[in-house]
> 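Have a look at this one.
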Amino acid sequence: AQSVTQLGSHVSVSEGALVLLRCNYSSSVPPYLFWYVQYPNQGLQLLLKYTSAATLVKGINGFEAEFKKSETSFHLTKPSAHMSDAAEYFCAVSEGNSGNTPLVFGKGTRLSVIA
Amino acid sequence: NAGVTQTPKFQVLKTGQSMTLQCAQDMNHNSMYWYRQDPGMGLRLIYYSASEGTTDKGEVPNGYNVSRLNKREFSLRLESAAPSQTSVYFCASSRQGLGTSGRARETQYFGPGTRLLVL
């Protein structure tokens, strides 16, 4: 069964600094990987996803993530943090060769941006 | 398009009371999901419906029942609420249906959530 580990439940960065949110996955088959963002008192929305095409995936709001099979990682980065990036971020994995396996979410990382 | 809508937005129950959380989507999606979100636990799947007429248990189904009323609507029922069911509940939907190989890469679209407090 697939699983996701997000390192760090809370990350704090200064405005303009690099954002790095870590995600490692476990899957017995080639995975599909997702990053979702949740702003306060809202539902989740998709930031980006890896579906076995390019390993470097670009998403909305300047975020990107790189799929590294050898490291079983899918870390999320943004070169320069904005105050509006403060939110909770969830990494999720789905097994690529199954039509029936639901998405599995990590526990989330709360990003704070300091002025 | 409204996307995924959920009612109510907030509810307070007493232990032992019952209630139904409603979810509807207007995107003609085949699959629908119910999650609960608790601090430090991320999102955990309660039940899902891969297509109209089917439902399956997720990670934490105990104490819940679901009904896929039609393609648009997927309800979650608490028959006898317990304080442990205090949580934020999210409904989601995705396009592909049961057994479709592309389903695993489909984006899920989430509703705004229902905050439930059980006293």
> Which answer fits B:Tyr109, side chain, backbone, both or neither, if we ask what part of it has an atom under 4.5 Å from a heavy atom of chain A?
neither
> Applying a strict under-4.5 Å side-chain criterion to I, L, V, M, F, W and Y, I'd like to know whether A:Leu56 and A:Leu18 cluster together.
no
> So B:Gln108 and A:Tyr36, do their side chains get closer than 4.5 Å, heavy atoms only?
yes
> Is B:Val66 linked to B:Phe110 within one hydrophobic cluster, defined over Ile, Leu, Val, Met, Phe, Trp and Tyr using a side-chain heavy-atom separation of less than 4.5 Å?
no
> Group every Ile, Leu, Val, Met, Phe, Trp and Tyr by side-chain heavy-atom contacts under 4.5 Å, then state whether B:Phe74 and B:Val88 land in the same group.
no
> So what's closer than 4.5 Å to chain B heavy atoms on A:Leu46: side chain, backbone, both or neither?
side chain
> Any side-chain heavy atom of A:Leu103 sitting closer than 4.5 Å to one from B:Tyr35?
yes
> Does A:Phe90 share a hydrophobic cluster with B:Tyr89, counting links as ILVMFWY side-chain heavy atoms below 4.5 Å and allowing steps through other members?
no
> In Å and rounded to the nearest 0.5 Å, what is the OG1 to CG distance from B:Thr107 to A:Leu48?
10.0 Å
> Are A:Val104 and B:Ile46 connected into the same hydrophobic cluster when the rule is that any two of I, L, V, M, F, W, Y join if their side-chain heavy atoms are below 4.5 Å apart?
no
> Which pair of non-hydrogen atoms, one from B:Phe90 and one from A:Gln38, has the smallest distance, and what is that distance?
CZ-NE2, 3.2 Å
> Got a second to check how far A:Lys107's NZ is from B:Gln37's CD, nearest 0.5 Å?
12.5 Å
> If you look only at distance, which donor and acceptor atoms sit under 3.5 Å apart when one is on a side chain in residues 68-75 of chain A and the other is two or more places apart or in another chain?
from, atom 1, to, atom 2, distance (Å)
A:His75, ND1, A:Cys23, N, 2.9
A:His75, ND1, A:Cys23, O, 3.4

> What part of B:Leu45 gets closer than 4.5 Å to chain A, counting heavy atoms only: side chain, backbone, both or neither?
side chain
> Return the option, out of B:Arg44, B:Met41, B:Glu59, with the maximum number of heavy-atom pairs under 4.5 Å with chain A.
B:Met41
